[in-house]
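Okay, structure first, notes after.
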Amino acid sequence: MSDNKGEVVVRMAPSPTGYLHVGSARTAIFNYLFARHHGGKFIIRMEDTDTERSSEEMTTAILDALRWLNIDWDGEIFHQSQRFDIYRQYAEKLYEMGKAYYCYCSPDELDAKRKQAQAERRPYRYDRKCLHLTREEKQKLDDAGVPKALRIKTPLEGIGSFNDIVYGELTRDFTELDDWIIMRSNRKCTYNFSCVVDDHLMGITHIIRGNDHITNTFKQITVYNAFGWEPPKFAHIPLILGKDRHKISKRHGAVSVTDYKKKGILPEALFNFLALLGWSPGDEREIMGREELIKAFSLKRVSATNPIFDSVKLEWMNSEYIRRMDDNELLDKVRWVLIDAGLTTRLSVESHWHYMLKIVALMKERVRTLNDFPRLARFFFTDNFDYDEKGDKKHFKTPEVADRLNALRDKLSGLNKTFEINEIEKAVRGLAEKLNIKPALLIHPTRLALTGLTFGPGLFELMELLGKEKCLSRLDRAIDYIKNKFRT
RNA sequence: GUCCCCAUCGUCUAGUGGCCUAGGACAUCGCCCUUUCACGGCGAAAGCACGGGUUCGACUCCCGUUGGGGACGCCA
């Protein structure tokens, strides 16, 4: 298992107790980028030992999110829930080595001690009561069937330290560490212990994880030391904070990768954005593709400060990706959003692919997320829209507007052979000249009549795409509407 | 409460003692382009938390203060 001499092996170890949130996704990205940069391996290990909270669905959901982000991993996925025996074996080995001891204290008892320590303003440390039990006392407790957990012996004094790739030398007084439990009374090992056993067995060379694990690292190092194993290198990466500057969590609204997918964010954009949270290439590049990121990535350039997740910038980056994306590829994604919005059907998209492509090309410049398409391009799919309220007041102001639109209608219906952009523009501008008004006075009401909106793509290209029939009928509708409005 | 960590524009960041009159990006605000919106172009406003040192010289090094974050489970 650990035959990867000289090679980089990293891992991502999510616990399947919820959807993949952006913090874990970012950890995955850093690990992935690091592995690919060095031509090493990226392993996934499901930390599903908490059988109460873990679920199969979440495992699937996390993997799906990773696939969506186009993050691939090496080898089979490990499940800690299938490795309880291994951990137990190692825990018992430690006991036999005299580096661990059984503790019979009840959770209530421990809880009380912990509270007392806090009240007395001193750090809590297990008092080693059970370490000093005599053989007879232990026997008695065992006979009585009192549950026992296994604790690791941590040095009573001295300084523990390790060299973190991001934070540099990190130290902690051993008196701050206690003889923590490595195996529960139900004989299942705890996270900090199983984690070390796995990382060692799997030949992990670099552990890249959130800086909320720094305390765990000190604990885990005592396990490496107890076994005489060489610890891997550690890189604790800054934590992503929400707008309120707290560790990002559910109460920040959209936090899972799936949430952003639903919001119409492109995976490439999210990947790029997350890679730049706490890391930068050192030059002024921002829009960077996967290969470019792999090439540039280095743990040494990871920042030590916790960044705040700025969804506005994410959306900007997303708009950049949408704009640069190939039309066919984009339409392939946009169609589902359009179908979901009830604006079209699968069949219709397929039979009108070429036409749809034109719509996408026209809209992609003014859209930030995929979800903007149904909102801003609605008029291409249905006649069923209202006039924008402000636009109505501004552009359908007088009965005269109806007359102008009527004149335009007549002129357009005269365009028999072709209904294409140049002809349309000529017609509109020509009419404006004839009526001796500024073209804008004709253009704005027309746009409102045809789209219900006061903004959007260029009017003439829009009209060409809409086609003559629709333009005429919508002008008619607007003319009626305006006349109705001013009827006394 | 205890321990650890962090500190450059509102936000993401560049910056490793003189290149800084602190650079870029998002957001904001002008102007230009223009039928609108968006794009694009040009420009503005906006920051080294504070106080001590060290040094000929500190955004950069040290100490303190303040502020922020994280960890303190028979959860992971």
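Just so it is clear: chains get the letters A, B, ... in the order the sequence lines come, proteins before strands, and each one is counted from 1.
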| task | Let me see the working for E92(A) and R187(A) under salt bridge (charged side-chain N to carboxylate O under 4.0 Å, His left out), right down to the final yes or no. | result | CA-CA 10 Å; E92(A) 277 164 356; R187(A) 317 250 313 141; 2.5 Å; yes

Quick check: any donor-acceptor pair below 3.5 Å linking the side-chain of [X] to the base of [N]?
X	N	result
R366(A)	C37(B)	yes
K313(A)	A25(B)	yes
D48(A)	A76(B)	no
S185(A)	C74(B)	yes

Out of [options], whichever nucleotide has its closest atom nearest the side chain of [X]:
X	options	value
P307(A)	G73(B), C6(B), U13(B)	U13(B)
W316(A)	C12(B), A27(B), G40(B)	A27(B)
R172(A)	A14(B), U35(B), C3(B)	C3(B)
T49(A)	A76(B), U36(B), C26(B)	A76(B)
F455(A)	A25(B), G10(B), U36(B)	U36(B)
R121(A)	C74(B), U13(B), G1(B)	G1(B)
E286(A)	C12(B), U35(B), C3(B)	C12(B)
L241(A)	C74(B), A76(B), G69(B)	G69(B)
S15(A)	A76(B), C4(B), G24(B)	A76(B)
R368(A)	A14(B), A76(B), A27(B)	A27(B)

Using the [atom1] atom as the point on both nucleotides, what is the distance between [M] and [N], in whole Å?
N	M	atom1	value
A76(B)	U16(B)	P	44 Å
G24(B)	G41(B)	P	14 Å
C59(B)	G23(B)	P	14 Å
A25(B)	C33(B)	C1'	23 Å
G18(B)	U60(B)	P	12 Å
C56(B)	C48(B)	C1'	22 Å
U28(B)	G67(B)	P	32 Å
A46(B)	C26(B)	C1'	13 Å

| query | For the residue pair H236(A) and F234(A), does the interplanar ring angle fall in the parallel (under 30°), tilted (30 to 60°) or perpendicular (over 60°) class? | reply | parallel

| In terms of the angle between their ring planes, are F297(A) and F34(A) parallel, tilted or perpendicular, with boundaries placed at 30° and 60°? | perpendicular

So is [X] actually on top of [Y]'s ring, under 6.0 Å and inside 45° of the axis?
X	Y	answer
R26(A)	F30(A)	yes
R114(A)	Y124(A)	yes
K148(A)	Y104(A)	no
R11(A)	F42(A)	no

| Taking only N and O in the side chain of H246(A), is any of them less than 4.0 Å away from OP1 or OP2 of G70(B)? | yes

For a quick check of understanding: with a heavy-atom distance under 4.0 Å over all strands, which category does [X] fall into, base, sugar-phosphate or nothing?
X	answer
P238(A)	nothing
L442(A)	nothing
D283(A)	nothing
G458(A)	base
I181(A)	base
R187(A)	nothing

| note | Contacts of R323(A) and K148(A) projected onto RNA chain B by closest heavy atom; the upstream (5') one is R323(A)

| query | F218(A) or C189(A): which one's nearest nucleotide on RNA chain B is closer to the 5' end? | reply | F218(A)

